[in-house]
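Structure, as structure tokens:
These figures come from a predicted structure and were not determined experimentally. Residue indices begin at 1 and follow the sequence shown.
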Amino acid sequence: MSRLRVPDLRPSVLRRRTIRLVLSRRQNLMPDITTLRRLPASSTFPVQRNGIDPVPQLCETRDRGPVTKLTSLMGVDIWLVTGFEEAREVLADLHRYSNDMRHVLGNRPRTAAESIGGLGMTDPPDHTRLRGLLTPEFTKHRLGRLQGSIDEIVAETLDDVAARGPDVDLVPHFGFAIPFRVICELLGLSVEDRAPFHELGIARFDLSNGGAGVFGAATESRSLLIEAVRRQRRDPRGGLIGALIRDHGDDFDDVELGGLVDGLFLGGYETSASMLSMGAYVLLQQPDAWETMRTGTAAEVDGVVEELLRLLCPVQLAFPRFAREDIELGGQHVDKGDVVLVSLSAANRDPRTIHDPEQFTLHSDRTAHLAFGHGLHRCVGAELARMEIRTALTGLAQRFPDLALAPGSEPSFRELSIVHSIDSLPTRLAIAKPAQSA
């Protein structure tokens, strides 16, 4: 005879099941994260840092276990993954986790620019269809054709830095200037399209105003890019937007292409700008690495770049994942519907995987990192970013070998941002010594 199964009727279990049942039947009760003005202070430590380093609370959380419950919202648990192997597991698993977050955006009417789009918040088969447009454009072979243009942009930017000396803030005039111009020229954005995007890019990752600030800036940015696509549909330019319209314009509307371009634009300059500014800051305190960037072989320079990516990891959190089923992860039980956040910055410094992970180590074979993510959603522009970082930082070291932090000044870091960076980096250029008279 089979044994009769008695349901668990404990009050806490009943309450949780009741909440989930209500939410499943009345989706309009789900919180609209685009309207949240403030995030719980207890849950913001994964996007806080002391300078370039994660705050101690993030490291202590990882030390207690690779997966931890961060908080709960309307009966839904939000989990934080800090272990390297567990992070790779989540990022690579398309079957048990979804990136589609439309169900947490409420159900009010939305404009086209407010809709979720792009690669990071899309599941297959839509993700496969969209990424298939871009993958051929971002292979090493295809990107190799851009090296000459990147060299030219870096040289012209460094000329501008020299003209501004002897004291120069490298954030706007080096860190931002290079990747912004590269991505605009790659996409084929006109000069008038470029002006509004700097402040919008920063605002889209700034969590100090909660989800409302992030999604408000995203809507404004996406509106501008949808309009740029519409203009180029009438008169295609020579960049990637024009190429996509000429080759695939009948298969995608302006909103879809605008969302795709929005992801490329944002990922193509904000994260690279952060790496250039923070990378310069670290290298100015690492004389051996600075000399390697100036005189080292290509392989040695690549080693420095990979270590900078691991240590700095400007993208602190990957796109949220939503559990499609009940999951055992890192010793924790994750329920179907729970949110899973992966801390890339914590995983890159997991002492279970990397020896002495808090230190910058020049001569090392520890190049494994998650700065570009992992799996199907790994950054499509990773190789372009490497090209920019390598070219810009070697150019900076060669042009200004005696560059130093400005005396009596301190860099200013972002306080609460998904993409961490420096807001200002005052430096002093070396003044050339006069030639000796004969």
Side-chain angles (χ1 to χ4, degrees), residues 52 138 140-141 143-166 168-183 185-186 268-314 360-367 369 371-372 379 381-405 411 421-422 425-430 432:
I52 64 170
F138 286 89
K140 280 188 177 182
H141 174 72
L143 289 173
R145 298 180 302 182
L146 294 176
Q147 187 63 64
S149 296
I150 294 174
D151 290 341
E152 181 179 343
I153 289 171
V154 169
E156 292 175 357
T157 301
L158 295 177
D159 286 344
D160 178 69
V161 169
R164 293 174 181 276
V168 182
D169 184 348
L170 288 187
V171 171
H173 303 299
F174 172 76
F176 171 76
I178 291 171
F180 185 74
R181 183 173 164 190
V182 168
I183 196 64
E185 295 192 9
L186 172 67
Y269 85 88
E270 188 63 31
T271 54
S272 294
S274 298
M275 273 303 303
L276 293 186
S277 298
M278 291 197 295
Y281 172 71
V282 171
L283 290 174
L284 290 178
Q285 301 171 81
Q286 299 285 340
D288 291 343
W290 183 251
E291 184 63 18
T292 297
M293 297 303 288
R294 194 174 73 86
T295 63
T297 66
E300 289 171 335
V301 167
D302 286 345
V304 174
V305 170
E306 294 306 307
E307 179 68 349
L308 287 172
L309 285 164
R310 181 198 69 81
L311 187 76
L312 297 173
C313 191
F360 177 94
T361 302
L362 182 58
H363 301 292
S364 171
D365 58 359
R366 60 184 197 187
T367 56
H369 61 75
F372 295 118
C379 176
E383 296 309 319
L384 175 61
R386 285 188 169 102
M387 288 172 62
E388 292 182 61
I389 296 166
R390 181 171 57 244
T391 305
L393 290 178
T394 55
L396 185 70
Q398 291 167 358
R399 184 71 177 272
F400 307 108
D402 297 319
L403 181 72
L405 298 175
S421 189
I422 297 178
L425 182 61
T427 60
R428 175 157 295 177
L429 311 180

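Under the side chain to side chain contact (heavy atoms under 4.5 Å, CB included) rule, I389 has a single partner from V304, V305, I178, which is V305. Considering I150, V154, L146 as possible partners of V182, the one that fulfils the side chain to side chain contact (heavy atoms under 4.5 Å, CB included) test is I150. Evaluated for a side chain to side chain contact (heavy atoms under 4.5 Å, CB included) with L403, the options L283, T427, V161, V168 yield exactly one hit, T427.
P411 approaches P426 most closely through the heavy-atom pair CA-CD, 4.4 Å. Heavy atoms only, all atoms of each residue included: P401 and R294 are closest at CB-CD, 3.6 Å. Counting all heavy atoms, side chain and backbone alike, A371 lies closest to H369 at N-ND1, 3.2 Å. A280 approaches L396 most closely through the heavy-atom pair CB-CD2, 4.0 Å. Counting all heavy atoms, side chain and backbone alike, M275 lies closest to P314 at SD-CD, 3.5 Å. Between A177 and T157 the shortest heavy-atom distance is CB-CG2, 4.1 Å.
To the nearest 0.5 angstrom, T271 atom OG1 is 9.5 Å from L276 atom CG. Here the CD-OG1 distance, from Q398 to T295, works out to 8.5 Å after rounding to the nearest 0.5 Å. For the atom pair CZ of F176 and CD of E270, the computed distance is 8.0 Å after rounding to the nearest 0.5 Å. To the nearest 0.5 Å, the span separating CD on E152 from CZ on R181 amounts to 6.0 Å. Between the CD atom in E383 and the CZ atom in F372 there is a gap of 7.5 Å [rounded to 0.5 Å]. Here CD of Q286 is found 13.5 Å from CD of E291. Values are rounded to the nearest 0.5 Å.
Judged by distance alone, with hydrogens and angles left aside, the side-chain atoms of T391 form no donor-acceptor pair with the main-chain N or O of E388 at under 3.5 Å. In terms of modelled atom types and a separation under 3.5 Å, the side chain of T292 and the main chain of V301 share no donor-acceptor contact. E307 places no side-chain N or O within 3.5 Å of a backbone atom of F360 that could act as its donor or acceptor partner.
At least one side-chain heavy atom of F138 sits less than 4.5 Å from a side-chain heavy atom of L186. At least one side-chain heavy atom of L158 sits under 4.5 Å from a side-chain heavy atom of F174. Counting heavy atoms from C-beta on, the side chains of D302 and T297 never come closer than 4.5 Å.
Here ring-ring contact (aromatic ring centres under 6.0 Å, His included) pairs that include residues 272-293, with residues two or more places apart or in two chains, are Y281-F413.
We find that D159 and R399 are joined by a salt bridge, their nearest charged nitrogen and carboxylate oxygen being less than 4.0 Å apart.
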